[in-house]
Amino acid sequence: MELSLLIPSETRLKILRHFCLEEETGPVHVNELARLLALSPQPAHRELLRLETWGFLLSQKTGNLRQFRLNKKFPYFKPLCEIFTLEKNLSDTAPQSIKEYSLDRAITRKSRVKISVELLRALSQKNTKPRSYDEEVFLKNQDTKSRA
Amino acid sequence: MKKSSSKTKIQKAGHKKQLQKIAKGQLTQQQMELAAVLAAEFAKHGASLTVVGGAAVQFYTQSGYVTKDVDAVLIGDTTEIIETVMTSLGFKRASTYRHFEHPLFGFVIEFPPEPIAVGSRGLYQFAEVKTNYGPVRILRIEDLIMDRITAGIEWRSEKYLAQAKLLWLSNKDDIDLKYLRNFAKEEGYEAVLRKVMKP
């Protein structure tokens, strides 16, 4: 399930995902994080600062280095991290194929069932649910007309 | 730069030949083989494709039911790649965002949004159709029957229920009855399923 629609910045998405899923890891420096997530240090640093301003991260300075860590008291911490946990769970349940068909065998199968007149009539009924393609073509035509 | 553009040209020419060959087959064969080509292309970008809806009904009923759309659900981060993959194969967007058509084929490809679910159940196990162009994932027959039953009830449409009946009649020797009955029970459609299964 795509989260990129919700969080369009890939850098931000990666950083949020990292802190949510690795919440037990200690404070991390920007270069270390950039290397870990395959990000450029400059945009990563910018996003870390933004997330700190937002309240999601806390930072502390040790010597020359600023290290960032998760702020578990941040009000959106739980619901936000639940989204990433769900994302992980969904990707862990990767689709599996458990049965196989051969297309050649299926299309050359001669034993097609006889369709009764009653069933045929029901099968050829008009759709009650509009075909989404027709719906979209209709909207497109309307749009073109209104522009003209 | 030159090298990669000539590589793209060669790839495009290869795809064109492949699609021309597919377009000569019968309709169900065209749909499934084209879906297999798309599945392989999307797999290169980390997305997996599953055939659902009318095209799956057409496959399981040996064209007893025929559709003009091939519905394929993509799993993965597909925001950027749908356009890239489809245009590289010569498809054009036929509508605002999710339909694509190709001059060689008389049907459209539609990408309904994920997840793949029937009723309240998310689906992770599928069947696979082996084609000359590689495998393509498809809804299991049992899930497809339940999908049609659910649609029939939701849209108060005899047509979907008739598709469920045709699916049952065409595949009854090959169906996991226990799974199907449990699914219908969970969704509260046992009576409808019994009606569908009635000779």
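Below, chains carry the letters A, B, ... as their sequence lines are ordered, and counting in each starts from 1.
- With a 4.5 Å cut-off on non-hydrogen atoms, Gln26(B) touches chain A through its side chain but not through its backbone.
- Interatomic distance, CG of Leu123(A) versus OG1 of Thr61(B), reported as 8.5 Å (0.5 Å rounding).
- Taking the side chain as every heavy atom from C-beta outward, Pro95(A) and Phe126(B) approach each other to under 4.5 Å.
- Once rounded to the nearest 0.5 Å, the distance linking OG of Ser124(A) with OH of Tyr65(B) reads 10.5 Å.
- Tyr179(B) and Ile138(B) end up in the same hydrophobic cluster when Ile, Leu, Val, Met, Phe, Trp and Tyr side chains are linked at under 4.5 Å.
- When the shell of 6.0 Å around CD of Glu10(A) is examined, it contains 12 or fewer heavy atoms from other residues, nucleotides or ligands.
- In this structure, Glu190(B) places its CD atom where more than 12 heavy-atom neighbours from other residues, nucleotides or ligands lie under 6.0 Å away.
- Between chain A and the options Gly25(B), Gly54(B), Ser48(B), Ser63(B), heavy-atom pairs under 4.5 Å are most frequent for Ser63(B).
- There is a path of hydrophobic side-chain contacts, each under 4.5 Å, that joins Leu166(B) to Leu120(A).
- In the hydrophobic clustering of ILVMFWY residues, with side-chain heavy atoms under 4.5 Å counting as a link, Leu16(A) and Leu3(A) come out together.
- Contact check on Lys130(B) versus Glu100(A) returns a salt bridge, with a Lys/Arg side-chain nitrogen under 4.0 Å from an Asp/Glu carboxylate oxygen.
- For Thr50(B), no part lies near chain A; criterion is any non-hydrogen pair under 4.5 Å.
- Note on Leu39(A) and Leu65(A): separate hydrophobic clusters, where clusters join Ile, Leu, Val, Met, Phe, Trp and Tyr whose side-chain heavy atoms are under 4.5 Å apart, directly or indirectly.
- The structure places CD of Glu158(B) at 10.0 Å from CG of Leu119(A), a figure rounded to the nearest 0.5 Å.
- For the atom pair CG (Asn132(B)) and CG (Asp104(A)), the distance works out to 5.0 Å, reported to the nearest 0.5 Å.
- The CD atom of Gln96(A) sits 11.0 Å away from the CD atom of Glu128(B) when rounded to the nearest 0.5 Å.
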Evaluate the side chain to side chain contact (heavy atoms under 4.5 Å, CB included) criterion for residues Val136(B) and Tyr101(A): first the C-alpha distance (whole Å), next the side-chain angles of each, then the deciding distance (0.1 Å), finally the verdict. CA-CA 10 Å; Val136(B) 60; Tyr101(A) 295 92; over 6 Å; no
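- By the rule that hydrophobic residues join a cluster once side-chain heavy atoms approach within less than 4.5 Å of another member, Leu123(B) and Ile98(A) end up as members of separate clusters.
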Given side chain to side chain contact (heavy atoms under 4.5 Å, CB included), test Gln29(B) with Leu103(A) step by step and report yes or no. CA-CA 7 Å; Gln29(B) 191 178 6; Leu103(A) 179 62; 4.1 Å; yes
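- More than 12 heavy-atom neighbours from other residues, nucleotides or ligands sit within 6.0 angstrom of NZ on Lys72(A).
- With salt bridges taken as basic N to acidic carboxylate O contacts below 4.0 Å, one links Lys99(A) and Asp174(B).
- Ser97(A) approaches Ala127(B) most closely through the heavy-atom pair OG-O, 4.3 Å.
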